[in-house]
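All remarks here apply to the structure that follows.
Residue numbers start from 1 in every chain, and the chains themselves are labelled A, B, ... in the order their sequence lines are given, proteins ahead of strands.
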There are 2 protein chains.
Amino acid sequence: MAVTFKDVATLAGVSTQTVSRVTNGADNVTDLTREKVNKAIKELGYIPNKSAQMLSRGKSKTLGIVSLDIALHGVALIVNGVRQQAHDNGYGTVLSIVDSDNFERIKDEIRELLSQQVDYIVVNVPLTQFMAEELVHQFQQLNFMFIDVPENTKVNYVCAEHTEGAKSAVRHLLACKRSQFVLITGPKESTGSTLRYAGWVDELSKSQKEVVATYEGDWDAQSGYLSIREQIAKKREFDAVLVANDQMALGVLCALNEFGIRVPEQVSVVGFDNINDSAFFTPPLSTIGQSFVELGQQAVKLLLEPQETVEGEGYRQLILPTQLIVRSSTSLKIELGDHKQEILDYLDKARQLLR
Amino acid sequence: MAVTFKDVATLAGVSTQTVSRVTNGADNVTDLTREKVNKAIKELGYIPNKSAQMLSRGKSKTLGIVSLDIALHGVALIVNGVRQQAHDNGYGTVLSIVDSDNFERIKDEIRELLSQQVDYIVVNVPLTQFMAEELVHQFQQLNFMFIDVPENTKVNYVCAEHTEGAKSAVRHLLACKRSQFVLITGPKESTGSTLRYAGWVDELSKSQKEVVATYEGDWDAQSGYLSIREQIAKKREFDAVLVANDQMALGVLCALNEFGIRVPEQVSVVGFDNINDSAFFTPPLSTIGQSFVELGQQAVKLLLEPQETVEGEGYRQLILPTQLIVRSSTSLKIELGDHKQEILDYLDKARQLLR
DNA sequence: TTACGCTATGTTTTCGATAACATTTTTTGT
DNA sequence: ACAAAAAATGTTATCGAAAACATAGCGTAA
């Protein structure tokens with residue numbers, strides 16, 4: 001069925017080795033021979049067998065990715081960054097998707113990748129320090145690179161500056177004179193979410209501001225929406241919401257809007273990630289920007305960097321900056337007092353004119 | 001360096017074939033021997049070499065996916081569906097990402113997949129009828145499955161009911177008494193976009209309604225936003241916007257809101273796809289729902305279905321239904337007339353009370 | 001002219017695992 | 001207890017390509 005290079009060799013009237021030389025672009029082949037072989041290849045529609053190549057060559061020039069669900073936008077962007085950078089360095093990629101809640105499954109997938117002879121593995125799944133170190137130990141691999149793992153973990157990693165970013169969100173809201181905060185985190189397994197939460201709490205406690213409530217979301221808009229509904233049902237006052245990603249913030253905005261609560265006048269909202277869509281929310285969302293693609297790219301860059309650059313027992317580690325992006329979902333708080341309704345009406349008129 | 005099954009055989013004191021038997025779960029092995037081998041495997045951390053296995057077995061149990069950028073949410077969901085279904089049938093997957101605008105590149109990627117000995121290939125890239133048929137012809141493969149290819153194409157395919165879905169969007173807007181339509185399509189290379197556009201135009205021409213303007217977007221929110229800005233700049237009246245996907249519709253809503261145009265009272269908007277977020281837009285978006293995940297799943301199901309089910313020279317083809325989802329971005333048109341401002345004010349009051 | 005060295009090509013072995021076949025050991029029936 | 005069947009294990013060949021090695025052909029310098 002399948003055309004092998006033996007068929008090509010026969011048709012071209014040369015040895016198999018010569019075929020191999022042609023396909024690998026060796027220079028010590030006559031132009032005439034090369035042509036004959038190429039003609040035979042075309043005629044037969046010959047496609048080399050990668051398994052055989054890998055087996056024979058011993059190395060695969062392949063990079064494995066263990067990742068969360070790519071339906072999450074940020075995850076997909078990271079994977080894109082990894083793939084692109086790997087490709088630019090002549091590496092193919094194998095992608096394997098896992099849930100974050102099953103450590104054994106993750107190990108299985110890594111085993112699977114190793115059985116495919118990948119040269120490197122990028123792990124883009126929230127792991128604890130213990131888990132990450134355990135993986136490196138168990139598989140005795142220096143060729144692991146982790147994304148978003150706790151900072152003091154003794155492995156190669158690339159992280160976003162979650163904590164610092166979260167703090168800058170708080171500082172921004174404090175500058176807006178906000179004082180009653182609702183926090184909406186991501187799933188507690190997520191390292192990124194944990195770090196962001198830590199940043200919020202740390203900065204808030206410094207300034208002695210009140211945390212009215214904390215909710216745990218699942219990154220989806222709906223969980224943000226439900227959190228705020230619950231908060232409103234409880235009739236607790238709040239004037240600021242910190243959200244661990246932009247999608248949940250969309251849900252937050254939706255709920256606030258539904259209950260006639262004005263953003264940013266009454267409540268200010270800050271998201272995290274700066275996904276493309278967030279500039280078009282109603283109102284456009286203030287958020288903490290991070291570059292997912294660069295995260296993925298840097299992971300691969302560091303991994304492929306020649307060993308000399310890395311000193312002794314040192315690990316390859318990098319923390320990428322985040323950036324506060326101010327849009328219309330935050331503003332200086334306006335004390336409405338007795339004239340609340342009147343003010344809101346004026347604001348409405350103002351809005352009309354603003355067009 | 002690498003541990004092979006020879007090392008395992010030596011350590012366990014058996015032949016390599018016995019090791020193979022154990023790893024493949026053959027039943028004709030003594031418990032004692034099995035244990036010895038398993039112990040050796042564990043001790044050495046042996047991981048089988050997939051290349052060697054595939055080479056030896058001749059088949060790979062692998063399915064290749066050629067797909068658009070997974071950063072597009074719908075694409076990622078389709079890929080998920082494919083992977084999940086493949087996995088459930090014991091197939092691994094190899095993912096390769098391409099731009100839709102380079103047909104040669106697509107061929108290269110397919111060649112690459114074939115060189116990895118994939119048993120099947122799912123193509124999730126917008127292709128013309130000619131391109132799809134050409135691929136099947138060039139690679140002489142019955143094992144192709146295409147997603148969202150024009151309906152009369154002579155290949156295996158799974159499609160969403162784009163045209164019919166688009167028509168139902170128009171009918172809904174007509175029922176809302178809308179008469180001046182703005183259309184925002186996806187990129188013209190996209191089959192899905194083309195079919196949707198065809199549906200809109202077809203249904204609109206039947207009812208003799210006016211198409212005020214047509215814009216070509218790139219699926220991103222920004223392109224929807226810019227289209228509407230341009231439309232408003234031209235000061236052309238319109239009371240309905242048909243958008244080829246929900247993300248662009250987000251941009252549309254944003255622009256309308258920015259200019260103080262009320263949705264749905266003044267302008268109604270219908271999207272396409274029903275992504276999770278669209279239920280939380282401001283206002284929640286009426287849209288045409290399709291199940292991306294099922295699209296991917298069905299593609300694989302049909303592909304793996306035993307040949308007998310498929311009659312003679314017939315192709316495996318399936319069209320999945322879409323579904324009109326009515327939310328708040330559409331409503332019966334209200335003729336404002338002279339009392340426009342007054343009415344709008346009442347509406348505002350009503351909204352306040354609605355909470 | 002001959003010997004040396006280069007280039008172009010052919011032959012053999014190898015990669016790791018398995019299929020096909022061969023052999024040994026165990027079980028079973030009478 | 002012994003042959004025949006069945007089960008467990010070992011041996012050899014094979015997959016497709018490439019690396020390592022071998023050889024043939026040719027030009028060139030002495």
Side-chain angles (χ1 to χ4, degrees), chain A residues 1-41 44-62 92 111-119, chain B residues 1-41 44-62 92 111-119:
Chain A
M1 166 83 206
V3 180
T4 77
F5 72 178
K6 251 182 204 161
D7 307 314
V8 176
T10 309
L11 180 61
V14 299
S15 75
T16 57
Q17 185 57 218
T18 303
V19 175
S20 171
R21 288 197 181 97
V22 171
T23 56
N24 291 301
D27 51 355
N28 50 350
V29 182
T30 318
D31 283 350
L32 177 70
T33 317
R34 187 190 311 280
E35 246 169 72
K36 275 196 298 184
V37 171
N38 278 329
K39 188 163 157 266
I41 287 178
L44 295 172
Y46 165 71
I47 293 177
N49 182 321
K50 206 134 212 174
S51 301
Q53 288 184 325
M54 274 167 56
L55 187 58
S56 185
R57 294 204 251 247
K59 272 294 149 185
S60 66
K61 274 281 191 177
T62 290
R111 222 167 273 127
E112 172 71 20
L113 287 176
L114 289 175
S115 88
Q116 292 180 50
Q117 313 304 108
V118 298
D119 301 324
Chain B
M1 166 84 204
V3 179
T4 78
F5 73 176
K6 252 182 204 159
D7 307 315
V8 176
T10 309
L11 180 61
V14 298
S15 75
T16 56
Q17 184 58 218
T18 303
V19 176
S20 172
R21 289 199 181 95
V22 171
T23 55
N24 291 302
D27 50 354
N28 50 351
V29 181
T30 318
D31 284 351
L32 178 69
T33 317
R34 187 190 312 280
E35 245 171 73
K36 274 196 301 187
V37 172
N38 279 329
K39 187 160 158 268
I41 286 178
L44 296 171
Y46 165 71
I47 293 177
N49 181 321
K50 226 177 197 133
S51 299
Q53 286 183 327
M54 275 168 54
L55 187 58
S56 184
R57 294 206 251 245
K59 272 292 147 186
S60 66
K61 274 280 191 179
T62 290
R111 222 167 275 127
E112 171 72 20
L113 288 175
L114 288 175
S115 87
Q116 291 178 52
Q117 313 305 109
V118 297
D119 301 324

Q. Quick one: CD on B/Glu35 to CG on B/Asn38, what's the gap to the nearest 0.5 Å?
A. 8.0 Å
Q.
Is it the case that the side chain of B/Ser56 and the backbone of B/Ala52 share a donor-acceptor pair, with hydrogens and angles ignored and the cut-off at 3.5 Å?
A. no
Q: Extract, from 5' to 3' on DNA chain C, the first and final nucleotides lying under 4.0 angstrom from some heavy atom of chain A.
A: C/dA8 to C/dG16
Q: Using the test side-chain hydrogen bond (donor to acceptor under 3.5 Å, both in side chains), find all partners of A/Thr18 that sit at least two apart in sequence or belong to another chain.
A: A/Ser15
**Q.** CG-CE distance between B/Leu55 and A/Met54, expressed to the nearest 0.5 angstrom
**A.** 11.0 Å
Q) So which of residues 50-59 of chain B are in contact with DNA chain D, with a heavy-atom cut-off of under 4.0 Å? A) B/Leu55, B/Ser56
Q: Taking all heavy atoms of B/Thr4 and all of B/Asp7, pick out the closest pair and write down the distance.
A: N-OD2, 2.9 Å
Q) Where do A/Ser60 and A/Asp119 come nearest, in terms of heavy atoms and distance? A) OG-OD1, 3.4 Å
Q. Heavy atoms under 4.0 Å, any strand shown: does A/Thr16 hit a base, just sugar-phosphate, or nothing?
A. nothing
(Q) Quick check for you: to the nearest 0.5 Å, what is the distance between A/Lys36 atom NZ and A/Asp31 atom CG? (A) 12.5 Å
Q. So which heavy atom on A/Gln117 is nearest to which on B/Ser51, and how close?
A. CG-OG, 4.3 Å
Q) In Å, rounded to the nearest 0.5 Å, how long is the span from CZ of B/Phe5 to CD1 of B/Ile47? A) 15.5 Å
Q: Nearest 0.5 Å please: distance from the CG atom of A/Leu44 over to the NZ atom of A/Lys39.
A: 10.5 Å
Q: Taking the side chain as every heavy atom from C-beta outward, state whether A/Gln116 and A/Thr62 have any pair of such atoms under 4.5 Å apart.
A: no
Q.
Distance under 4.0 Å to a non-hydrogen atom of chain A counts as contact; along DNA chain D, which nucleotides mark the start and end?
A. D/dG16 to D/dA20
Q.
Below 4.0 angstrom, which residues in residues 17-24 of chain A have at least one non-hydrogen atom near DNA chain C?
A. A/Gln17, A/Thr18, A/Arg21
Q. Can you tell if the side chain of B/Val8 reaches within under 4.5 Å of the side chain of B/Val22, non-hydrogen atoms only?
A. no
(Q) Looking at every non-hydrogen atom in both residues, tell me the closest pair between A/Ala12 and A/Val37 and how far apart they are. (A) CB-CA, 4.0 Å
(Q) Is any side-chain heavy atom of B/Val14 closer than 4.5 Å to one of B/Arg21? (A) no
Q. So what is the end-to-end bend of the helix from C/dT1-D/dA30 to C/dT30-D/dA1, with 5 pairs used at each end and the value given to 10 degrees?
A. 40°
Q: Taking all heavy atoms of B/Tyr46 and all of B/Val3, pick out the closest pair and write down the distance.
A: CD1-O, 3.5 Å
